[in-house]
Amino acid sequence: MCARKMHTDEADTDVPLVRRLVAAQFPRWADLPVTAVDSAGTSNAMFRLGDDMVVRLPRIAGAAHDVAKEHRWLPRLAPSLPVAVPGPLGKGMPADGYPWHWSVYRWLDGETPAVGSLTAPHALAADLAEFLTALHRIDPADGPLSYRSEPLAARDQATRAAVAELTGVVDTDVAIAAWEAALQAPAWSGPAVWIHADLQPGNLLTVRGRLAAVIDFGCLGLGDPAVDLIVAWYLLPAHARGVFRTALGADDATWARGRGWALSIALNELRYYRDTNPVMAAIARQVIEEVRIEHTHAAVCPRTTDGVRSAGPDHTVSAQARGAGRGTGGDRCPE
């Protein structure tokens with residue numbers, strides 16, 4: 001059976017294809033079992049190879065362009081990062097009707113964090129801040145631009161178009177108000193830094209509630225560090241966001257841009273995936289709701305440090321979207 005399709009230009013991928021590709025190009029692994037990995041990821045189809053490896057086949061041409069970048073840069077960045085990242089083991093060639101380069105990586109153990117039922121949200125928030133601090137400090141020399149390297153204001157037309165298309169699905173008036181508030185933040189004026197640019201739940205792995213690995217670096221490159229703050233709304237409950245922001249040292253402008261990035265990405269994801277990927281759509285809906293709540297509180301309590309009222313561990317927010325099992329990549333949304 002072919003992997004579930006979410007794009008009109010998506011390549012056919014299935015277990016027999018992977019077996020043929022591996023046998024022809026990596027014969028030393030030809031006898032290992034191949035099993036499809038259940039994932040809500042949108043850019044790559046994943047297949048476990050034996051116990052210790054995973055085959056990653058780009059679904060679309062845009063994702064195929066990321067293969068060379070990940071093989072070049074992940075081994076260079078990994079030693080400077082506090083948690084595991086994918087380790088490339090082999091780069092496959094187009095063959096047998098499959099049109100693009102593909103990858104074999106080492107398998108990373110862990111669980112996709114369940115949004116809304118994190119076991120140690122404050123500790124995880126600190127872990128995420130530690131990872132981003134390390135990533136943002138790596139020498140950016142010769143690094144490529146991120147998939148999301150544009151200034152936030154450059155997304156205005158696409159974001160408003162997504163809001164218009166979601167009339168009746170989201171509160172469009174509040175979405176536009178929150179978006180316009182984010183656009184009022186000063187633009188990033190510092191040097192571009194390394195950013196992951198897609199820190200969604202499906203791109204994180206945890207062990208006993210703590211961050212163990214960050215995966216899917218397809219959007220990797222140089223850009224505004226605010227892009228990586230989307231994880232505050234994509235994953236963390238409201239009461240843990242202050243821990244994350246303090247540990248990261250994000251100023252008001254960076255925090256506002258990060259919230260704008262989260263809203264813009266979620267709106268486009270909901271527009272694109274609401275009929276084809278229920279997990280991604282549910283998470284996007286929840287991000288939009290979290291931004292709405294924080295925007296409303298920020299308007300009422302403008303002096304709070306993180307846009308929400310201070311709260312202890314028992315602070316409650318609206319029900320969170322939950323992922324479907326151990327994913328292997330939230331991946332990017334075509335925008």
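Note that the numbering runs from 1 along the sequence shown for the chain.
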Find out if a path of hydrophobic residues (ILVMFWY) with successive side-chain heavy-atom gaps under 4.5 Å connects [X] to [Y].
| X | Y | value |
| --- | --- | --- |
| Ile176 | Val287 | yes |
| Met46 | Val279 | yes |
| Val67 | Met93 | no |
| Ile230 | Trp188 | no |

Sequence neighbours excluded, the answer for ring pair (Phe, Tyr, Trp, His ring centres under 6.0 Å) partners of Trp29 is Phe26
List the residues meeting ring pair (Phe, Tyr, Trp, His ring centres under 6.0 Å) with His101, not counting sequence neighbours, and say none if there are none. none
Which residues pass the side-chain contact (heavy atoms from CB on, under 4.5 Å) test with [X], sequence neighbours left out?
| X | result |
| --- | --- |
| Ala141 | Asp139 |
| Ala134 | Leu81, Pro82 |
| Val169 | Leu166, Leu270, Arg274, Arg285 |
| Val174 | Asp171, Arg292 |

Is [Y] close to [X] at the side-chain level, that is, under 4.5 Å between some pair of heavy atoms?
| X | Y | answer |
| --- | --- | --- |
| Pro144 | Lys69 | yes |
| Leu77 | Trp194 | yes |
| Phe47 | Thr35 | no |
| Ile215 | Leu205 | yes |
| Arg241 | Arg259 | no |
| Thr296 | Ile293 | no |
| Pro88 | Pro75 | yes |
| Leu118 | Pro237 | yes |

How close do [X] and [Y] get, counting heavy atoms only, and between which atoms?
| X | Y | value |
| --- | --- | --- |
| His239 | Pro121 | CE1-CG, 3.7 Å |
| Ala95 | Gln25 | CB-NE2, 3.6 Å |
| Ala256 | Ala185 | CB-CB, 3.7 Å |
| Val37 | Arg48 | CG2-N, 3.6 Å |
| Pro58 | Tyr98 | O-OH, 2.6 Å |
| Leu236 | Ala125 | CD1-CB, 3.9 Å |

Sort and list the pairs that fulfil side chain to side chain donor-acceptor pair (under 3.5 Å) and have at least one residue in residues 218-230, not counting sequence neighbours. His136-Asp228, Asp224-Arg257
Let's go through Asp127 and Phe131 carefully: what are the C-alpha distance in whole Å and the side-chain angles of both, what is the deciding distance for side-chain contact (heavy atoms from CB on, under 4.5 Å) to 0.1 Å, and is it a yes or a no? CA-CA 6 Å; Asp127 293 342; Phe131 169 79; over 6 Å; no
Pairing residues for [X] by the salt bridge (charged side-chain N to carboxylate O under 4.0 Å, His left out) criterion, not counting sequence neighbours:
| X | answer |
| --- | --- |
| Arg20 | Asp96 |
| Asp156 | Arg160 |
| Arg106 | none |

Donor-acceptor under 3.5 Å ([X] side chain, [Y] main chain):
| X | Y | answer |
| --- | --- | --- |
| Thr246 | Gly242 | yes |
| Asn268 | Ser264 | yes |
| Thr254 | Ala226 | no |
| Asp198 | Cys219 | no |
| Arg271 | Ala162 | no |

side-chain contact (heavy atoms from CB on, under 4.5 Å) for Leu220 and Trp73? Distances and angles first, verdict last. CA-CA 9 Å; Leu220 175 72; Trp73 288 105; 4.0 Å; yes
Measure the spacing between [atom1] of [X] and [atom2] of [Y] and express it to the nearest 0.5 Å.
| X | Y | atom1 | atom2 | result |
| --- | --- | --- | --- | --- |
| Leu248 | Thr133 | CG | OG1 | 5.0 Å |
| Glu290 | Tyr234 | CD | OH | 12.0 Å |
| Tyr147 | Ser43 | OH | OG | 8.0 Å |
| Glu294 | Leu263 | CD | CG | 11.5 Å |
| Leu57 | Asp12 | CG | CG | 11.5 Å |
| Ile265 | Thr159 | CD1 | OG1 | 9.0 Å |

Does atom CZ (Arg208) have a neighbourhood of more than 12 heavy atoms from anything else shown, all under 6.0 Å? no
Could you tell me whether Arg72 atom CZ has more than 12 heavy atoms of other residues or ligands within 6.0 Å of it? yes
Between Trp107 and Tyr105, is the ring centroid distance below 6.0 Å? no
Please evaluate residues Val214 and Leu204 with respect to the criterion side-chain contact (heavy atoms from CB on, under 4.5 Å), reporting the C-alpha separation (whole Å), side-chain torsions for both, the decisive distance (0.1 Å), and the verdict. CA-CA 5 Å; Val214 176; Leu204 305 171; 3.9 Å; yes
For side-chain contact (heavy atoms from CB on, under 4.5 Å), just list the numbers for Leu32 and Val22, CA-CA rounded to whole Å, side-chain angles, deciding distance to a tenth of an Å, and then say yes or no. CA-CA 9 Å; Leu32 295 176; Val22 170; over 6 Å; no
Given Val18, Thr13, Asn44, the one that forms side chain to side chain contact (heavy atoms under 4.5 Å, CB included) with Val55: Val18
Here the salt bridge (Lys or Arg N to Asp or Glu O under 4.0 Å) pairs for residues 74-84, sequence neighbours left out, are none
Strictly by ring pair (Phe, Tyr, Trp, His ring centres under 6.0 Å), give each pair with a member in residues 198-224 just once, sequence neighbours left out. His196-Phe217
